[in-house]
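I have placed the structure first, in the form of structure tokens, so that the comments after it can refer back to it.
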Amino acid sequence: MKHIVSLLVGMAAGVMLFCLGLVYNPFIADRGVSPLAVAGADVITLTFSPVPDETIVYTNDGESVHLPNPVRVQQLWEPPVRQTTAAVMQMRNARGEPAGLGIKFGSRSESTRLLRGDVIQDSAWYLYLPEHGSLFIHQSEDYWPFLRDVAFSAWRNSANNWRGGWFGDTTAGPGALGTAAAKGASGELRSLDMEAVESLSVKAFSTDIGLIAAEGRLVIAMPEDEAAGEVD
Amino acid sequence: MIRTFLIGIILGAVAAAGALYAFPAVDQEREPSLVSVAPNGGNIEMFHVNVPMDRVLVGAPSEAGAVPDGLEWPDDASLVGVRTEMFKIRNARDSVVGIAARTTATRGDEDIIDWVLHLPARGSVFASMESNLREGGIRDGAIRSGSREFSSLGGSLTERWIADTSGDEDAPQGRIELQAIYRGQPERLADEQEAVE
């Protein structure tokens, strides 16, 4: 009997050790500097607030940590869209002035592999920027570093929250260098194939209500052989 | 007993790793794609939006019928003339399969009408529409880009408003019908091959 108890306790300890090893896995390296930061291409820099309360509209299945905004927005409860979020945000340029409108759809990806430290979201942006035109961006985002450094830290905290400074690129593909693919549709961006990188800067997070203070950044790099227009 | 405990640790770790490997962390619900073959090549897929049931958002400056209630549309000069709508989209069996956004804007003398269709289990499609309607109230557009399943596809997207004439009490006012025709984009030949030809 005591051997069975010992085995079960050992198994529980093994599962816990495995989970700790997963979180603190030294073989899962952070991506480091954004490839666009060293590319030298002309870029459009946009900022936005990913905090649901600060968006124009934010909706999901209604049962997630982040609550829909406004309260009466239709929720995505049907099974094919239950793991999807949709948000409409005001985009600002690098000087903090209004620069246009951004719509973001994000869905949990089946390419998520916790063993490899990949927590993937497939997302698509539509941007309308009166100064430049409209464009579409699609990307895979990896939220593992955010979950490990911010959400897990908040979960360990007795008050279930985290304060500090965390910055990281969430874009992980489909580009070979971990960049998103962007396609211009109108204005000076018409027909341009571009690259983009989205990043997240978090100052406060709670496991009960999600993001409290955070800023998102989207950097769109013009093709190097194109004469870019105005750049922020 | 210590040895049993150590064996338990190994077993527990292996079981946890095996469980993570065997059971996917994310499993998206899929509706079967209802696709037919187009007469002149390509595949046709129909989507529709029941109005007003499937409306998630109607946003425009100083618009009385904004959806949802409590929407605070930015009072920003750069967004004058911009109208954004967001819908749930349904397949031919009337099942919700995704979500879509339609944005219209006027930029100088350019009219912009863009659709983004997001189908969580499959990918996203981006299409730009023409400003003029053709016969039958149909608006044509071209698929400009896509992700995942749609990344190598081009083709066209048409939209059409069909008003409800059933007179049923609980019937929608009408529906927006979207017809996507997907065509594979021809692969670019290698430079040497192009030179030979």
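Naming: A, B, ... by sequence-line order, numbering from 1 per chain.
Between B:P68 and A:V57 the shortest side-chain heavy-atom distance falls below 4.5 Å. Side-chain contact check for B:K88 versus A:L76: some heavy-atom pair is nearer than 4.5 Å. Counting only heavy atoms from C-beta outward, the side chains of B:I7 and A:L7 approach each other to under 4.5 Å. Put simply, the side chain of B:V116 does not reach to within 4.5 Å of the side chain of A:I103, judged on heavy atoms. Looking only at side-chain heavy atoms (C-beta outward), A:P80 and B:Q28 stay at 4.5 Å or farther from each other.
Top candidate by heavy-atom pairs under 4.5 Å with chain A, chosen from B:A105, B:G108, B:G12, is B:G12. Comparing B:L119, B:D69, B:V82, B:L11 by heavy-atom pairs within less than 4.5 Å of chain A, the highest count is held by B:D69. When each of A:I120, A:T112, A:I56, A:L22 is scored by its heavy-atom pairs under 4.5 Å with chain B, the top score falls to A:I56. Interface summary for chain A: among B:V26, B:L71, B:I112, the most heavy-atom pairs under 4.5 angstrom belong to B:V26. For the options A:S123, A:G133, A:S111, heavy-atom pairs under 4.5 Å to chain B are most numerous at A:G133. Listed options B:A77, B:P74, B:A121 were ranked by heavy-atom pairs under 4.5 angstrom with chain A; first place goes to B:P74. For the set A:L8, A:N69, A:V73, the count of heavy-atom pairs under 4.5 angstrom toward chain B peaks at A:V73.
Residues of residues 142-154 of chain B that come closer than 4.5 Å to chain A, counting heavy atoms only, are B:R144, B:S145, B:G146, B:S147, B:R148, ordered by residue number. Of all residues spanning residues 17-24 of chain B, those with a heavy atom less than 4.5 Å away from chain A's heavy atoms are B:A17, B:L20, B:Y21, arranged by number.
Of the atoms belonging to B:A100, it is backbone heavy atoms, and not side-chain ones, that fall under 4.5 Å from chain A. With a 4.5 Å cut-off on non-hydrogen atoms, B:T104 does not touch chain A at all. Of the atoms belonging to A:Q139, not a single heavy atom falls under 4.5 Å from chain B. Only the backbone of A:L129 comes within contact range of chain B, with at least one heavy atom under 4.5 Å from a heavy atom of that chain. Of the two parts of A:R116, neither the backbone nor the side chain holds a non-hydrogen atom closer than 4.5 Å to a non-hydrogen atom of chain B. Using a 4.5 Å cut-off between heavy atoms, B:V14 does not touch chain A at all. B:I10 does not touch chain A: none of its heavy atoms, backbone or side chain, sits under 4.5 Å away. Looking at A:E110, the atoms closer than 4.5 Å to chain B (heavy atoms on both sides) sit in the backbone and in the side chain alike. Residue contact with chain A, scored on non-hydrogen atoms closer than 4.5 Å, involves the backbone and the side chain of B:S78 alike. Contact of B:V97 with chain A is made through the backbone alone, with heavy-atom distances under 4.5 Å.
Between B:E29 and A:R82 there is no salt bridge, since none of the side-chain N atoms of the basic residue sits less than 4.0 Å from a carboxylate O of the acidic one.
Here the closest heavy-atom approach between residue B:R107 and residue A:Y128 is recorded as CB-OH, 3.8 Å. Across every non-hydrogen atom of B:I99 and A:V81, the tightest pair is N-CG1, 4.5 Å. Shown here for B:M86 and A:A86, the closest heavy-atom pair between the two residues is SD-CB, 3.7 Å.
For the atom pair A:F18 CZ and B:I9 CD1, the distance stands at 14.5 Å (nearest 0.5 Å). Between the OG atom of A:S186 and the CD atom of B:E110 there is a distance of 5.0 Å, given to the nearest 0.5 Å. B:D76 contributes atom CG, which lies 10.5 Å from atom CD of A:E97 (distance to the nearest 0.5 angstrom). Separation of atoms CD1 (B:I113) and OG (A:S134) is listed at 11.0 Å; rounding is to 0.5 Å. Atom-to-atom distance recorded for B:T4:OG1 and A:M11:CE is 13.0 Å, nearest 0.5 angstrom. Of the inter-residue distances, the one linking A:L101 atom CG with B:R83 atom CZ reads 13.0 Å to the nearest 0.5 angstrom.
Counting non-hydrogen atoms of neighbouring residues, nucleotides and ligands closer than 6.0 angstrom, the CZ atom of A:R156 exceeds 12 such neighbours. Residue B:D75 places its CG atom among 12 or fewer non-hydrogen atoms of other residues, nucleotides or ligands, all under 6.0 Å distant. Crowding of A:R92 atom CZ: a count of heavy atoms from other residues, nucleotides or ligands under 6.0 Å exceeding 12. At most 12 non-hydrogen atoms from other residues, nucleotides or ligands lie less than 6.0 angstrom from CD1 of B:I2. Around CZ of B:R122, the count of heavy atoms belonging to other residues, nucleotides or ligands within 6.0 Å exceeds 12.
Note: A:F105 and B:H118 have parallel aromatic rings, judged against thresholds of 30 and 60 degrees for the angle between ring planes.
A donor-acceptor pair under 3.5 Å is absent between the side-chain atoms of A:Q83 and the main chain of B:P120, judged by distance alone. Checked by atom type and distance alone, the side chain of A:S6 pairs as donor or acceptor with a backbone atom of B:M1 at under 3.5 Å.
Side chains of B:S124 and A:H138: a donor-acceptor N/O pair is absent below 3.5 angstrom, by distance only.
Checking each of B:T103, B:T84, B:D114 against A:Y126 for a side-chain hydrogen bond (donor to acceptor under 3.5 Å, both in side chains) leaves exactly one that passes, namely B:D114.
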